[in-house]
Amino acid sequence: MKNFTVGPVQSSQEVCSIGAEQVPYFRTAEFSDVMLENEKLIKKFAKAPEDARAVFLTGSGTAGMEAAVMNTLTVNDKVLIVNGGAFGQRFVRLCQIHNIPYSEIVMETGKALKPEHLMPYERKGYTAFLVNVHETSTGVHYDMNLISEFCERNHMFLIVDAISSFLADDFDMASLKVNVMITSSQKALACPPGISILVLDKKAIEKIEAGSTSCMYFDLKDALKNGERGQTPFTPAVGTLRQINCRLNAIENMGGVQEEISRIADLAQDFRKKIKELPFEIISESMSNAVTPLHPTTASAYDIFITLKDEYDIWICPNGGKLKDYVLRVGHIGALTKEDNDSLIQALKDMQKRGLI
Ligand SMILES: *Cc1c(COP(=O)(O)O)cnc(C)c1O
């Protein structure tokens, strides 16, 4: 199988071999060292301020989104959400469930965020901003400088879901003045799913310490306190955290986060150049390096996904809902190479020869 989906993605051989080992007991100095190093490297790669903290929750990326909403927002907030697809909608749903007042900026499929989208919300008393920097469902990457300046001007608390963008696109938490950054294990971190990571700046930590959460498992106060000694309140996905440690160190040893971002950018550019020969249109005005969203002009997107999976053993990402036949997505994250891009292009050319696209 070759996996070009947007997660879970292919892991390196090194990461896979840790998955084959026995899972060790974790209330030990050895595991604490692993966790403290994970925190240090995540902060470094997110370019977080020195006094920021990173916490590791056992749960998929959505667990991190929900924990951020529950621990830093209240019924007294007035939140602005960029809703450009399935993941923006998830923040909307979370605010509804937790009774947090919100307005949403509904984006048209594939469109970039522009100053005119934000203009109506200037000086209207909004207190917090929620955005998925890369709306993975449609492959749109939003302008973080625009968002950061808007939030600073309006004194808004900024929560960024960078789940599918972290390690694939430039991101500087400190200079963008992001208060909470969320990511998870199964996207560009290229580990199995199961761990969600929150990087919290000083302001976010203060909010968490001052607030209260009516939930035990997602209480970040508890997570922060345990994290001081490299531990978690409950049994975490120990094996996945060891795989994350291996992967973070591999990135560091191969030259650091900028190297990894350029490697993924290079793969994305290679694919985008090669796909031009085939009947697909790129539907996003502003792409992340992580994903290329494609509209096939001669066949159903979903049918292409099925044929590639069943007849070529190549997995790309289908879309759900109203985009099912319209969009498919090719990921560039995980252990992939330009030769893998060639195999995918070859398979599509073969489908073209067979009259399937
Ligand atoms: C993958 C992803 C998530 C997390 O989804 P889970 O299935 O909970 O891991 C959240 N936001 C974005 C933008 C994503 O790409």
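Every number for a ligand or one of its atoms is a count from 1 in the order of the listing.
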Task: Non-neighbouring partners of K47 that pass salt bridge (charged side-chain N to carboxylate O under 4.0 Å, His left out), sequence neighbours left out - done: none
Open item on the list: Strictly by ring pair (Phe, Tyr, Trp, His ring centres under 6.0 Å), give each pair with a member in residues 63-92 just once, sequence neighbours left out.
Closed with: none
Open item on the list: Check the orientation of F31 and F26. Use parallel for under 30°, tilted for 30 to 60°, and perpendicular for over 60°.
Closed with: perpendicular
Open item on the list: Quick one about R272 and T292 (side-chain donor to acceptor, distance below 3.5 Å, no hydrogens or angles considered), yes or no?
Closed with: yes
TODO: Sort out the contact shell of ligand 1: every protein residue with a heavy-atom distance below 4.0 Å, listed by chain and number.
DONE: S60, G61, T62, M65, F87, R90, H134, T136, D161, I163, S164, Q186, K187
- [ ] Identify which one of F157, Y102, Y121 satisfies the ring pair (Phe, Tyr, Trp, His ring centres under 6.0 Å) criterion when paired with Y126.
- [x] Y121
Distance-only check: which donor-acceptor pairs under 3.5 Å involve side-chain atoms of residues 308-319, not counting sequence neighbours?
residue : atom : partner : partner atom : Å
E311    : OE1  : R354    : NH1          : 2.9
E311    : OE1  : R354    : NH2          : 2.7
Y312    : OH   : D350    : OD2          : 2.6
Y312    : OH   : R354    : NH1          : 2.9
D313    : OD2  : M1      : N            : 3.0
N319    : OD1  : R329    : NE           : 2.8
N319    : ND2  : S137    : O            : 2.8

